[in-house]
Amino acid sequence: MIPYGRQSVDESDIEAVVEVLRGDWLTTGPTVTAFEKALEDLSGATRCVSCTSGTAALHIGYAAAGVGAGDEVVTTPMTFVATATSAMALGAKVRFVDVEDDTLNIDPALVEDAITERTKVVAGVDYAGHPIEIDELRPITERTGTLLLEDAAHSIGSTYKGRPVGSLSDITTFSFFPTKNLTSAEGGAVATLDRELGQRAHEFHFIGLVRDPERMRHPDEGPWHQEVHEVGLNYRLPDVLCALGLSQLRRLTAFKTRRAEIFARYQEGLAGLEGVRLPTQREHVDPIWHLYPLRVLEGRRREVFDALRNDGVGVQVNYMPAHWHPVFEDLGYRRGQFPVAEKFYGEEISLPMFVGLRDSDIDHVIDAVHRAVRG
Ligand SMILES: *Cc1c(COP(=O)(O)O)cnc(C)c1O
């Protein structure tokens, strides 16, 4: 079975990890600093904080934004559920708004109406790698005094009007899970252009420890002294995993090129096939394609999905709308509330998309899709 996604780990990645294992630091050491610096160089953010997962990055991002009990977060249902639940972990209420039909990203036209005086954050997701519509969203968050958080679990390496993801929103979060565009096994990061948000993110992921004598309330305690001023957790990504992440980051340009080739081969091989709709991209973005979301029309998604699996093609569905999860159902969210996202979910199949996919594999997938759709 061809999987729908998998990591690409080569000898350079293995050597980088082994080198750290032979050294003095297993966790918070020079490789954490080097990885965060490399993420800053790539994303154009002034501060990046590495952490243990994309979910942790979201939790840290919302905490840094000051999200707490009674606050509201406006977000999209077309995402992995962590975009929403990580805000709920801080006591926030989630307000979903529907997505746009071409990109499946949060619809800026619906965002402003969902904002109340309790809204702290508007959180968009760069679905499949396609950046959110920043130039429409930013004026709304600026006007309403809210912060824009971009869940870029799919899109490290994408650009919007020539600007890199990581430099577009108040807070950007990445995931380095193995199926994503680059991996550190488990891992993630928070990126920001705001020094204060960056420092708050750093402290939240570091148990809340304050070590700067200038900021201490009791600086004369002794040389061992450190203080906690606000609640934090331990979300530190160790040197060993930062070594893998840093090595993978050096390969990101090659990863992006290969993903673009795979995307283009699917577009060509599936062009003109009736009963499906192919993904599109807006002119002003340059995405790194994390997913290839094919839409199967006329209520035939399940049939085509099963046929592909039976034909050795490990397809996936991304995603069941977040508000369909029982955790939201139990709070009163209902099916039918977000028709664009829900219709898309009913049609979507993610075709295999990963760097190690060979041209012959892609052609096999294309043939299998033709067979399955023609019935
Ligand atoms: C993968 C993913 C996450 C969570 O990342 P983990 O590293 O798996 O915790 C969050 N949001 C989106 C959109 C994702 O795809």
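Numbering of ligands and ligand atoms starts at 1, following listing order. All heavy atoms count here, side chains included; hydrogens, waters and symmetry mates do not.
Atoms OG and CD1, from S50 and I60 in turn, are 8.5 Å apart once rounded to the nearest 0.5 Å. Taken to the nearest 0.5 Å, the CD atom of E230 stands 5.0 Å off from the CZ atom of R200. With values rounded to the nearest 0.5 angstrom, L26 atom CG is found 9.5 Å from D24 atom CG. Going from atom CG of D212 over to atom CD of E203 covers 9.0 Å, rounded to the nearest 0.5 Å.
Close contacts of ligand 1 with A153, meaning ligand atoms under 4.0 Å from a residue heavy atom, involve 2 (C), 11 (N), 12 (C), 13 (C), 14 (C), 15 (O). In summary, the atoms of ligand 1 found under 4.0 Å from a heavy atom of T55, numbered by their order in the structure, are 4 (C), 5 (O), 6 (P), 9 (O).
When the salt bridge (Lys or Arg N to Asp or Glu O under 4.0 Å) test is applied to D194, no partner is found at least two apart in sequence or on another chain. Residues satisfying the ring-ring contact (aromatic ring centres under 6.0 Å, His included) criterion with F263, sequence neighbours excluded, are W289, Y292.
At least one heavy atom of K180 sits less than 4.0 Å from an atom of ligand 1.
Between Y319 and ligand 1, an N or O atom pair is found at a separation short of 3.5 Å. Close N/O approach between G54 and ligand 1 is found [any backbone or side-chain N/O within under 3.5 Å].
At the top of the distance list for atom 3 (C) of ligand 1, counting protein heavy atoms only, stands F80 CD2, 3.5 Å.
Contacts of S53 with ligand 1, taken as heavy-atom pairs under 4.0 Å, involve both backbone and side chain. At a heavy-atom distance under 4.0 Å, only side-chain atoms of T79, from C-beta outward, approach ligand 1. Looking at T83 against ligand 1, only its side chain comes within 4.0 Å, counting heavy atoms.
Centroid-to-centroid, the aromatic rings of Y127 and F344 come within less than 6.0 Å.
Closest heavy-atom approach to atom 11 (N) of ligand 1 within the set L58, D151, T179: this belongs to D151.
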